[in-house]
Amino acid sequence: MLKRFRPDDPVFLGQLEARLAAALRHAGNLEAGLLSVTLAVPEIPLEFMPAGLDEAFYWSRPSAGRSLLGLGAAAEIQADGVERWCLLKDAFAAWQARWQHEDIDATGLQPLALGGFGFAPQAADADFPAARLRVPALLLRREGDISALTFTFAAGAVALEPAMQRMRRLASAMAQPPCEKQDQVSRRDAGDGEDSAWLARVADAVADIQSGRLDKVVLTRSVRLSAAQPFDPACVMANLAKRHQRCTLFGVAMPAGGMFMGASPELLAGLRNGETYCDALAGTAWDRGGASARNLLADMKNGREHRLVVQSIAEALRPVCARLEVPAAPVALHLGHLHHLWSGLRGRVKPGIGLLDLLERLHPTPAVGGYPPRAALEWLAQHGENRSGWYTGAVGWMDAAGEGEFAVALRCAQVRGTQAELYAGAGIVAGSEPHHELAETEAKLLPMLHALGHFREEHD
Ligand SMILES: C=C(O[C@H]1C=CC=C(C(=O)O)[C@@H]1O)C(=O)O
């Protein structure tokens, strides 16, 4: 085990290189598939995303003591269209079948694939495939009190030097302070006309719900921010991390530069040792307006909105679970100024069911789509709902055994240069009032607005 972790320390890097070289020699010739080498390192500070890494995938769930940072790709599958789940499952099964792992220090940690997918089966824009899974060439992770590095190589590309080059880039990024205080102040681009179009769409949805065509549909909107100086994604992430420790923090580098990042309050699904856990999150109140947090649990409209999500998740899980626990009533989840109705569902999955099977069955839940799911998706398609990137899809990780966690991509933005595009939505049910729903989306934008330096003077 390496005795000290000072990423910029040549002694550390020298020891690491020697140990990796020995592990590669020990592994022998890799004729097909993937080789991962995991080395324990002393405690890694991963509560912040390091700055200046243009190929990073960062995922952190502080409440579970879990943080991941992946760089590069030893293997990747991008999948588009209605068959995207089949394509992902086939590719993942092929990796699993020939994935050699040298866990040199017996960390017990498996190598991981990192990935995400969008709301719709087709890619929404050029920066994001509809779905992607990637085995990072270098993975830095913290799991409770274990910290480790995993290097992964594809057959035909088992080479020490490129791996160490990437490691040195990571080391110099981690040696920097996570965020030089960014006194960024951004301004919001005008979009009043867009607000009135959105209000009209909510009114249309309410009318169609009242006519019985559907029970619920989630409508989303986006706003743009600009700043005089480029946003620094590491600072934005540090701002999110300061305020949203109960959420899942994520940052996914975009191929043409910039980052898709956010602080999600909702796990779509987790799977560990055959036990699955899912958040049903729907029904919202916020400070300064709306149903107050105190009334949230008694509010009929929010209760209706929430029940549809619980019911739908339970319907999706029941056929693949040997045991399923569905709470009889939600509890209030308080996240700063936002308050949600939350129900945690848990179950034991049947043998052979992996995380990708669960994601395929669950997505999109009525927390991001609507109910009945098909009627809601048709309604959204007919009304031109267009969601950028992976917003209302999910971002997460899977281990080589097919278990892992994906968080719904909410409370997020695409941040590139001096521009940012932020997203928020609201569930529309019978009785929804358009201006109230617009105010709800404004409340849901606040976490990212704060993190991007908007409203700084008013609130900080
Ligand atoms: C679609 C969003 O929130 C969903 C998740 C939680 C609560 C929701 C609600 O109360 O409407 C939404 O269904 C969003 O934050 O962009």
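Just so you know, these numbers use all the heavy atoms, side chains as well, and skip hydrogens, waters and symmetry mates. Whatever order the structure lists ligands and atoms in, that order sets their numbers, starting from 1.
Nearest protein neighbour of atom 12 (C) of ligand 1, counting heavy atoms only, is Ala367 O, 3.4 Å. When hydrogens are left out, the protein atom nearest atom 5 (C) of ligand 1 is Leu410 CD1, 3.7 Å; that is the closest non-hydrogen contact. Taking atom 6 (C) of ligand 1 as the reference point, the nearest protein heavy-atom neighbour is Leu281 O, 3.4 Å. Nearest protein heavy-atom neighbour of atom 10 (O) of ligand 1: Thr284 OG1, 2.5 Å. Remark: minimum distance from atom 9 (C) of ligand 1 to any protein heavy atom is reached at Lys444 NZ, 3.1 Å. Nearest protein neighbour of atom 16 (O) of ligand 1, counting heavy atoms only, is Tyr391 OH, 2.6 Å.
Using a 4.0 Å cut-off between charged side-chain N and carboxylate O, Glu305 and Lys301 make a salt bridge. The residues Arg134 and Glu55 are annotated as not salt-bridged, no charged nitrogen and carboxylate oxygen being separated by less than 4.0 angstrom. Using a 4.0 Å cut-off between charged nitrogen and carboxylate oxygen, Arg142 and Glu43 count as a salt-bridge pair.
Using a 4.0 angstrom heavy-atom cutoff, Thr220 does not count as in contact with ligand 1. Ligand 1 lies out of reach of His306, whose nearest heavy atom is not under 4.0 Å from it. Proximity of Val368 to ligand 1 is not established, as no heavy-atom distance is less than 4.0 Å.
Between the side chain of Arg416 and the backbone N or O of Gly257, at least one donor-acceptor pair lies under 3.5 Å. Side-chain atoms of Glu442 do not come within 3.5 Å of backbone N or O of Leu438 as any donor-acceptor pair. Checked by atom type and distance alone, the side chain of Asn273 never pairs as donor or acceptor with a backbone atom of Glu275 at under 3.5 Å. Panel note: side chain His306, backbone Ala282; a donor-acceptor pair is recorded below 3.5 Å. Remark: side-chain polar atoms of Trp390 are not paired, donor with acceptor, to backbone N or O of Phe128 under 3.5 angstrom. With hydrogens and angles disregarded, a donor-acceptor distance shorter than 3.5 Å links the side chain of Lys444 to the backbone of Gly425.
Looking only at atom types and distance, the side chain of Asn302 has no donor-acceptor partner in the side chain of His340 under 3.5 Å away.
Between Trp95 and His101, a ring centre-to-centre spacing not shorter than 6.0 Å is recorded.
Of all the atoms in ligand 1, the ones that sit under 4.0 Å from a non-hydrogen atom of Glu305 are 9 (C), 10 (O), 11 (O). Each of the atoms 9 (C), 10 (O), 11 (O) of ligand 1 lies under 4.0 Å from some heavy atom of Glu440. Taking a cut-off of under 4.0 Å to the non-hydrogen atoms of Ala426, the atoms of ligand 1 that pass are 11 (O). When each atom of ligand 1 is checked for a heavy atom of Gly283 under 4.0 Å away, the hits are 9 (C), 10 (O).
When Ala424, Pro265, Ser432, Gly425 are checked for heavy-atom proximity to atom 1 (C) of ligand 1, Gly425 turns out nearest.
Note: no N/O pair closer than 3.5 Å links Pro366 and ligand 1 by distance alone. For the pair Gly427 and ligand 1, the shortest N or O to N or O distance falls below 3.5 Å. Considering backbone and side-chain atoms alike, His340 places every N or O at 3.5 Å or more from each N or O of ligand 1.
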